[in-house]
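Inspection log for the structure reproduced underneath, given as structure tokens.
For the single chain, residues carry numbers from 1 onward in sequence order.
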Amino acid sequence: LTRNDKKSAAEQALSEAVERYTRRNPQSSARYERATSFMPGGNTRTVLYAAPFPLAFTKGSGARLWSMDGDEYVDFLGEFTAGLYGHSDPIIRAAITKTLEQGISFGGHNGYEASLAEMICARFPSIEQVRFTNSGTEANYLAIASAIAITGRKKVMVFHGGYHGAAFVFGGQGSPLNAPFEFIVAPYNDAEAAEEMIAKHRSDLAAVLVEPMLGSGGCIPAEPAFLKLLRSASAACGALLIFDEVMTSRLAPGGLQEALKVIPDMTTLGKYIGGGMSFGAFGGRADIMARFDPRSAQPLMHAGTFNNNVLSMAAGIAGLTQVYTPSEAIRFNQRGEALRARLNRVVAQHGANMQFTGLGTLMAVHSKRASGSRSAA
Ligand SMILES: Cc1ncc(COP(=O)(O)O)c(C=O)c1O
């Protein structure tokens with residue numbers, strides 16, 4: 001077959017698949033059409049769009065989802081890591097139901113927030129004190145903005161392929177909607193380049209923000225030596241090192257910082273820690289977080305209507321104390337490691353142009369052979 005023959009065969013197969021999918025999912029299609037009248041592209045969360053139209057779901061239970069068209073799916077996405085507890089964990093459900101019975105929006109403090117904060121401080125080595133937000137994006141905004149306010153410097157080092165939320169996109173072409181901070185984008189996992197760039201900007205650098213494993217960027221783990229270099233070089237020039245552990249915090253009881261023994265100045269969290277409800281958090285060294293203490297002379301201001309909302313707080317506590325305990329985090333990630341190894345054995349046996357990268361329970365598939373592996377064909 002010539003290249004053109006292959007291309008037209010692939011195009012033909014794709015158009016047949018689109019036709020089958022459209023025929024099979026009329027309710028999802030109709031919902032999508034209706035939504036396009038009132039929402040741009042029928043969408044309020046860009047990442048969920050897929051042509052010709054995305055499926056819509058009516059029910060989730062355990063690790064399964066049911067589409068509007070009545071089909072049952074196994075949920076391998078797990079809400080981009082926020083769905084760690086699945087769709088119907090009885091402990092999480094009980095916590096939410098009990099909390100709902102007591103009312104939801106107090107506009108005041110509640111009995112949950114300090115307990116969740118205490119648990120987070122006990123688990124993540126860098127977090128001596130913590131504050132809550134509603135999303136990982138917000139948590140990263142606050143971590144960056146506080147580093148700028150505290151250091152009096154303006155530049156923020158980030159890495160190619162990084163994703164820290166809708167306003168902090170450093171994969172591909174980036175995003176015109178990125179927050180207008182002075183970002184310096186360095187190559188990921190290149191300790192030498194990072195060292196050079198930190199040295200070049202040493203007097204202007206407020207923060208170095210990094211995912212200890214690129215999540216959206218394809219589950220690419222950081223080299224420990226790269227993170228160690230970021231730790232020592234940022235400390236040497238007075239910039240704050242921020243680990244975005246919004247995704248990676250689940251990979252060990254105390255996140256990847258604990259597993260790799262590299263302790264940043266600040267850490268951002270999100271996803272499953274709110275038990276599946278909206279959640280974000282930023283925390284770190286007590287002297288940094290003390291700047292937010294409203295009793296101080298000129299406190300940094302961080303309000304937020306839903307920062308301490310009872311549902312996220314109560315579901316989060318139930319999750320960390322009764323479901324994703326430290327021993328469960330270890331057991332679960334060992335299973336993930338075993339699954340990824342098995343998947344890579346299977347693709348190697350078949351000589352497929354594929355590989356699964358990641359750590360523990362987070363993995364991504366790439367249509368590229370692992371370096372060093374040979375085709376069996
Ligand atoms: C590493 C990382 N940081 C931050 C975020 C943003 O979190 P949120 O979607 O809750 O704003 C995400 C979301 O996918 C993420 O993967």
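A salt bridge between Glu196 and Lys200 is absent, with no side-chain N of the basic residue lying under 4.0 Å from a carboxylate O of the acidic one. Between Asp265 and Arg231 there is a salt bridge, since at least one side-chain N of the basic residue sits less than 4.0 Å from a carboxylate O of the acidic one. Salt bridge annotation for Glu328-Arg335: absent, with no cationic side-chain nitrogen under 4.0 angstrom from a carboxylate oxygen. Looking at Glu337 and Arg340, a side-chain N of the basic residue comes within less than 4.0 Å of a carboxylate O on the acidic one, giving a salt bridge. Salt bridge Arg153/Asp204: absent, no basic N to carboxylate O contact under 4.0 Å.
We find the CZ-CG distance between Phe243 and Leu269 to be 12.5 Å, quoted to the nearest 0.5 Å. For the atom pair Ser234 OG and Arg202 CZ, the distance stands at 11.0 Å (nearest 0.5 Å).
Using a distance-only test at 3.5 Å, with no hydrogens or angles considered, no donor-acceptor pair links the side chain of Asp75 to the main chain of Ala63. Glu128 places a side-chain N or O within 3.5 Å of a backbone atom of Ala286 that can act as its donor or acceptor partner. No donor-acceptor pair under 3.5 Å is formed between the side chain of Asn25 and the backbone N or O of Leu55. Side chain of Asn333 to backbone of Gly336: no donor-acceptor contact under 3.5 angstrom is found. Judged by distance alone, with hydrogens and angles left aside, the side-chain atoms of Ser28 form a donor-acceptor pair with the main-chain N or O of Ala56 at under 3.5 Å. Although no hydrogens or angles enter the test, the distance criterion places no donor-acceptor pair under 3.5 Å between the side chain of Asp69 and the main chain of Asp71. A donor-acceptor contact shorter than 3.5 Å links the side chain of Ser146 to the backbone of Ala143. Distance alone, capped at 3.5 Å, places no donor-acceptor pair between the Glu223 side chain and the Asn189 backbone. In this structure a side-chain-to-backbone donor-acceptor pair under 3.5 Å is missing from Thr133 to Glu138.
Remark: the Thr268 side chain and the Asn140 side chain contain an N/O donor-acceptor pair separated by less than 3.5 Å. For the 3.5 Å distance criterion, the side chains of Thr248 and Glu245 qualify, holding a donor opposite an acceptor. Between Thr357 and His366, the side chains place a donor N or O and an acceptor N or O closer than 3.5 Å (distance only, hydrogens not considered). Between the side chains of Thr361 and Arg250, at least one donor N or O lies within less than 3.5 Å of an accepting N or O. No side-chain N or O of Asn134 forms a donor-acceptor pair with one of Ser278 less than 3.5 Å apart. Side-chain contact check for Asp293 and Ser296: no donor-acceptor pair (N or O, by modelled atom type) lies under 3.5 Å.
Aromatic ring centroids of Phe306 and Phe132 lie 6.0 Å or more apart. Ring to ring, Tyr272 and Phe80 are not that close: their centroids are 6.0 angstrom or more apart. Between Tyr188 and Phe226, the ring centre distance stays below 6.0 Å.
In this structure, Phe170 and Phe183 have perpendicular ring planes: the angle between them is above 60°, well past the 30° mark. Taking the six-membered ring where tryptophan is involved, the planes of Tyr21 and Phe53 are tilted, since the angle between them lies from 30° to 60°.
A 6.0 Å sphere centred on CD of Glu16 holds more than 12 heavy atoms belonging to other residues, nucleotides or ligands. Atom CD of Glu72 has more than 12 neighbouring heavy atoms from other residues, nucleotides or ligands inside a 6.0 Å radius. Under a cut-off of 6.0 angstrom, the local environment of CZ in Arg93 is sparse, with at most 12 non-hydrogen atoms contributed by other residues, nucleotides or ligands.
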* Check the pair Gln257 / Thr267 against side chain to side chain donor-acceptor pair (under 3.5 Å), numbers first and verdict last. => CA-CA 9 Å; Gln257 56 191 262; Thr267 297; 3.0 Å; yes

* To do: Please report the C-alpha distance between Arg131 and His302 in whole Å, then the side-chain angles of each, then the deciding distance to 0.1 Å, and finally whether the side chain to side chain donor-acceptor pair (under 3.5 Å) criterion is met.
  => CA-CA 9 Å; Arg131 294 180 71 93; His302 165 227; 2.9 Å; yes

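What you find for Thr81 and Val246 is that their closest heavy atoms are OG1-O, 4.4 Å. Considering every non-hydrogen atom in both Leu251 and Gly360, the closest pair reads CD2-CA, 4.3 Å.
The hydrophobic clustering, which links ILVMFWY residues whose side-chain heavy atoms are closer than 4.5 Å, places Leu142 and Met157 apart.
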